[in-house]
Number of protein chains: 4
Amino acid sequence: MSPISSVEFEKKRAVSRKKIIDTALMLFGSNGFANTSISQIAKEAGISKGLMYNYFESKDDLLEKVILETVESMQGFYLEFLEEADARKMLLKMIDFTVEFLKTEKEFNVLLTSLGLQKESHPIIKKIASEKINQLMPLFLTKMNDAGIPDAENEIYIMGAVMDGLAVQYLTTEDEVHLMRVANALKKRYNLGNL
Amino acid sequence: MSPISSVEFEKKRAVSRKKIIDTALMLFGSNGFANTSISQIAKEAGISKGLMYNYFESKDDLLEKVILETVESMQGFYLEFLEEADARKMLLKMIDFTVEFLKTEKEFNVLLTSLGLQKESHPIIKKIASEKINQLMPLFLTKMNDAGIPDAENEIYIMGAVMDGLAVQYLTTEDEVHLMRVANALKKRYNLGNL
Amino acid sequence: MSPISSVEFEKKRAVSRKKIIDTALMLFGSNGFANTSISQIAKEAGISKGLMYNYFESKDDLLEKVILETVESMQGFYLEFLEEADARKMLLKMIDFTVEFLKTEKEFNVLLTSLGLQKESHPIIKKIASEKINQLMPLFLTKMNDAGIPDAENEIYIMGAVMDGLAVQYLTTEDEVHLMRVANALKKRYNLGNL
Amino acid sequence: MSPISSVEFEKKRAVSRKKIIDTALMLFGSNGFANTSISQIAKEAGISKGLMYNYFESKDDLLEKVILETVESMQGFYLEFLEEADARKMLLKMIDFTVEFLKTEKEFNVLLTSLGLQKESHPIIKKIASEKINQLMPLFLTKMNDAGIPDAENEIYIMGAVMDGLAVQYLTTEDEVHLMRVANALKKRYNLGNL
DNA sequence: CATGAATGAGCCTTCATTCAT
DNA sequence: GATGAATGAAGGCTCATTCAT
């Protein structure tokens, strides 16, 4: 009969919240945002529809939080390959990471790409996209220049396109064999095989 | 007085039909299929809601026809670069074509990509995607092998990814400067500048 | 090139009109008034939708004309058994006629019965129903009294119910065997077998 | 404060559900299924349109449930006259019951009869109709044979038709006087007056 | 904190009816 | 007369959101 401590309350809240976020990510990614209903998420997450609105202001708010928090939860992981000093090793890590990321976080990637394609996409999406360009690109460039890779800027543009192409191809076809084939082609091309 | 000739009816039909298809393509591409209502299409096309159903069986049918007929209308244009005998010239044409295609048919490309990302995408989308892989790839390979380009298969995989990456980047950011930059990087890379 | 004579016009009109009425009766009877569209009738009748409104003011008007003209076209036929002098022979004729009428004019009977059941049924329906009671019943009564049939009034009420029951049972089940069985039971009951 | 108990929810549900079923029966019976809109039912029942779909999957489902549950609610009542050992008493009860049933459950009877007349009537209707024939008829026959009523089979066919005729006449005309007249004629005919 | 009944706007679709030709 | 394109009201249904309990 003793009242549950506020700590325990917080824990329960966190668990429910995460459950909702995870379920929403899965469903948004699989079926699309518009084709996923709040009822469906609630049922799948094992909570009531009303409770959803205790955690999130609206369906749009839920989407925002889903993206924001999923991005955040991958933060450390996401850029770890940047810490690699050797440029070629970094490329290798980036390729391997991207492949892994696509395979394990398919729904998230589908969701992000889909939203990015919409004219009036959420500001968050634009922010995430611009970060990739504005933060990552310069870092790459410096590192590749330092490594004496010729025409580094051009290569980076191409590399960026390749990685995005890799993603959209895999997300569209779910063809893992093709994914690996392209990844290996890249490694060969940049002589990353023996690292 | 005299009854309308069937030719005249046909003409009227063609006009209205085209207006609907064009409007639908634009809106589907801009806002997504699910976020575009029939009312919206009708209003934008300047016709009544009901007329839609005089030409298309359902919203799904409209989507199908939009894609099918847009693809068809680009048919000749679409693969013209394949007729280029010289492999490097072909690459150049392909790049230029892709850039042009992305810029002039933005909505169509957004629509196609979005639909491709959906788990249960329309059969047409799958068909279009598979055609690209199964028909184009072998043709490229032969031509590039003939041209004595080393590691042709690898290059093709990479090229394919680059083109898709180019597309998704442009469709997402609408950044034409970036588009040209990547295109130029590609041309430089494959020494296509002087052709 | 000579203009069609007005007589021929009238003939054509009459043919088209009858075609519409017949088709409408069939469809109204089979699928119900509400479930039959003007388009369906026009297509089935082989004319254009617009032409329909050249012959009938509205769908309701068409219904009215369908009933009115179908009733009319059966008029002579309909009451011919009343002219039979002998009461028992008249009963026999009435039974046989009813059976025949149900089998050959199924749609009409279904339509009429259905409409009769609706609270706000067309005045015509009410008129037809009341005619049956107010005109036929007395005639029967006189004849049966004259024939010395005991308790004639009671018998008439029962007979009326039996005939309507026969109808609704057949129209509901389409079971011809049952129809004949009841008809024969009636004939046996009133000793009409040897006439 | 405290969450609503499931018992209370159940109670609320039952109230709303019944309100819908009752209203639907009334309107379907009065105006016909096709002429009754969900909006109309909702307005009449004092609920919102959407709530309907919280209880019934579709308009068709509602119809099915209306019929099924109305039949069920009359179950005991419905066949009680069969338990009467004496054949003539049974007939008397059946007549009285039918009259009562027609008067108190007019809408239900209208609805059932109307649906039965439709070519593609709901399976439930067919089931109900066939039950009447396949279950009731044999029971009657046995009882009347036991009672030594001559020509029992014929009489039953006639009786069945009479009862159905009684129904359709009353449902069509709403003429209670006529209903009683036919009922009394029947009682006289089978000498049921002194029971 | 939690539930799900209830709402109502908005969606896709049908169809009687009109009208330019 | 004849056609069928065009209209718009209305119908069935879904779903984000609110709220009594």
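By convention in this document, chain letters (A, B, ...) are assigned in the order of the sequence lines, proteins followed by strands, and residues within each chain are numbered from 1.
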Peer 1: Using a 4.0 Å heavy-atom cut-off across all strands, classify C/N54 as base, sugar-phosphate, or nothing.
Peer 2: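 It contacts sugar-phosphate atoms only.
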Peer 1: For the pair made of CZ in B/F9 and P in E/dA20, what is the distance, rounded to whole Å?
Peer 2: 13 Å
Peer 1: Could you tell me the separation between the NZ atom of C/K12 and the P atom of F/dG1, rounded to a whole number of Å?
Peer 2: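 Rounded to whole Å, this separation is 10 Å.
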Peer 1: Rounded to the nearest 0.5 Å, how far does CG of B/N35 lie from NZ of A/K119?
Peer 2: 13.5 Å
Peer 1: Is NZ or CZ of B/K59 both nearer than 6.0 Å to the six-membered ring centre of B/F33 and within 45° of the ring axis?
Peer 2: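 Yes, B/K59 and B/F33 form such a contact.
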Peer 1: Base of F/dT17, side chain of A/K49 - is there a donor-acceptor contact under 3.5 Å?
Peer 2: yes
Peer 1: Taking atom P of E/dA16 as reference, at what distance in whole Å does atom CG of C/L62 sit?
Peer 2: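 After rounding, the gap between these two atoms is 10 Å.
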Peer 1: Establish, with yes or no, whether the OP1 or OP2 oxygen of F/dA16 is under 4.0 angstrom from a side-chain nitrogen or oxygen of A/K59.
Peer 2: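 Looking at the OP1 and OP2 atoms of F/dA16, one of them is under 4.0 Å from a side-chain N or O of A/K59.
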Peer 1: For DNA chain E, find the residues of residues 22-43 of chain B with a heavy-atom distance under 4.0 Å and give them by number; none if there aren't any.
Peer 2: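 Here the set is B/T36, B/S37, B/I38.
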Peer 1: Which comes earlier along DNA chain E counting from the 5' end, the contact point of D/R13 or that of C/D60, where each point is its nearest nucleotide?
Peer 2: D/R13
Peer 1: Could you check C/Y53 against D/M52 and say which one's nearest nucleotide on DNA chain E is further toward the 5' end?
Peer 2: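 Per heavy-atom nearest nucleotide, the more 5' residue is D/M52.
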Peer 1: Can you tell me if C/S114 uses its side chain to pair, donor with acceptor, with the backbone of D/S114 under 3.5 Å?
Peer 2: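 Absent.
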Peer 1: Between B/S16 and C/S48, which residue's closest nucleotide on DNA chain F lies nearer the 5′ terminus?
Peer 2: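 Mapping each residue to its closest nucleotide by heavy atoms, the 5'-most match is C/S48.
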Peer 1: Where does DNA chain F pair, written as one dot-bracket string 5' to 3', with Watson-Crick or G-U pairs under 3.5 Å, ( ) inside the strand, [ ] for crossing pairs and | for another strand?
Peer 2: .||||||||||||||||||||
Peer 1: Using 0.5 Å steps for rounding, measure from the CG atom of C/L51 to the CZ atom of C/F56.
Peer 2: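 Nearest 0.5 Å value for the CG-CZ distance: 10.0 Å.
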Peer 1: May I ask you to verify if any side-chain N or O of C/Y55 is less than 4.0 angstrom from the OP1 or OP2 atom of F/dA2?
Peer 2: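 So the side-chain polar atoms of C/Y55 do come within 4.0 Å of the phosphate oxygens OP1 or OP2 of F/dA2, strictly under.
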